[in-house]
Amino acid sequence: MQATEAKIIIQKILASDVKFDGHFDKCFDNLKDTQQAELIAWVNACKALKSNPIQSKTNREIIGFVKRIGSNLRAILTKEKKGYFIELFLDKHKYYEIEMNKLGF
């Protein structure tokens with residue numbers, strides 16, 4: 001599956017115009033088919049709140065879900081506490097740490 005297809009599927013799952021950050025396209029295209037399916041299943045679990053969220057320390061209205069993919073990739077899905085999903089970040093571990101600090105997680 002290509003990243004553009006995945007973005008459409010993810011936006012339908014989340015029922016919002018979620019932004020994609022990091023190097024989403026490049027990272028997603030390099031995932032194995034099973035990892036791509038796992039990421040989409042994880043997005044479904046986040047939508048159903050079956051995945052444990054973490055609370056932002058800098059903005060109490062933001063929660064996030066974190067997913068480790070393989071040894072070097074990480075995904076962060078952010079959501080307004082009582083609102084819509086905001087952004088899906090997918091990138092390598094070093095960029096993930098910068099993003100986590102920026103979001104206050």
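Side chains included, hydrogens not; waters and symmetry mates left out as well; all remaining heavy atoms used.
Across all non-hydrogen atoms, the minimal contact from Q55 to R60 is NE2-O, 2.9 Å. Minimum interatomic distance between C46 and F85 (heavy atoms only, all atoms of both residues): O-CZ, 3.9 Å.
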Starting from the C-alpha separation in whole Å, work towards a yes-or-no answer on salt bridge (charged side-chain N to carboxylate O under 4.0 Å, His left out) for K26 and D91.
CA-CA 9 Å; K26 183 178 179 184; D91 213 327; over 6 Å; no
Please walk me through it: do D29 and M1 pass side chain to side chain contact (heavy atoms under 4.5 Å, CB included)?
CA-CA 7 Å; D29 288 340; M1 175 184 328; over 6 Å; no
Candidate pair L77 and L14, rule side chain to side chain contact (heavy atoms under 4.5 Å, CB included), full reasoning
CA-CA 11 Å; L77 180 61; L14 299 177; 4.0 Å; yes
Step-by-step side chain to side chain contact (heavy atoms under 4.5 Å, CB included) determination, I76 to L90:
CA-CA 7 Å; I76 308 168; L90 179 64; over 6 Å; no
Let me see the working for K67 and E38 under salt bridge (charged side-chain N to carboxylate O under 4.0 Å, His left out), right down to the final yes or no.
CA-CA 10 Å; K67 171 83 174 153; E38 186 182 317; 2.9 Å; yes
Worked check of side chain to side chain contact (heavy atoms under 4.5 Å, CB included) between Q2 and K7
CA-CA 9 Å; Q2 295 295 313; K7 286 179 179 181; over 6 Å; no
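Judged by distance alone, with hydrogens and angles left aside, the side-chain atoms of S56 form no donor-acceptor pair with the main-chain N or O of I62 at under 3.5 Å. Listed for the E80 side chain is no donor-acceptor partner under 3.5 Å among the backbone atoms of I86.
The SG atom of C27 sits 11.0 Å away from the CD atom of Q35 when rounded to the nearest 0.5 Å. Taken to the nearest 0.5 Å, the OG atom of S51 stands 11.5 Å off from the CG atom of N44.
I63 places none of its side-chain heavy atoms less than 4.5 Å from the side chain of I54. When side chains are defined from C-beta on, T58 does not count as touching K102, because their heavy atoms never get closer than 4.5 Å. Side-chain contact between Q36 and F28 is present, with at least one heavy-atom pair separated by less than 4.5 Å. By the 4.5 Å heavy-atom criterion applied to side chains, I69 and L39 are counted as neighbours. With contacts defined as side-chain heavy-atom distances shorter than 4.5 Å, the pair K92/R74 does not qualify.
Evaluated for a side-chain contact (heavy atoms from CB on, under 4.5 Å) with F65, the options T78, N52, V43, L49 yield exactly one hit, L49.
Between F20 and F24, the ring planes are tilted. Angles from 30° to 60° get that label.
Hydrophobic clustering keeps L88 apart from F105 (ILVMFWY residues linked when any side-chain heavy atoms are closer than 4.5 Å, directly or through intermediates). Linking ILVMFWY side-chain heavy atoms closer than 4.5 Å, directly or via other members, places L31 and W42 in a single hydrophobic cluster.
Aromatic ring centres of H23 and Y95 lie closer together than 6.0 Å.
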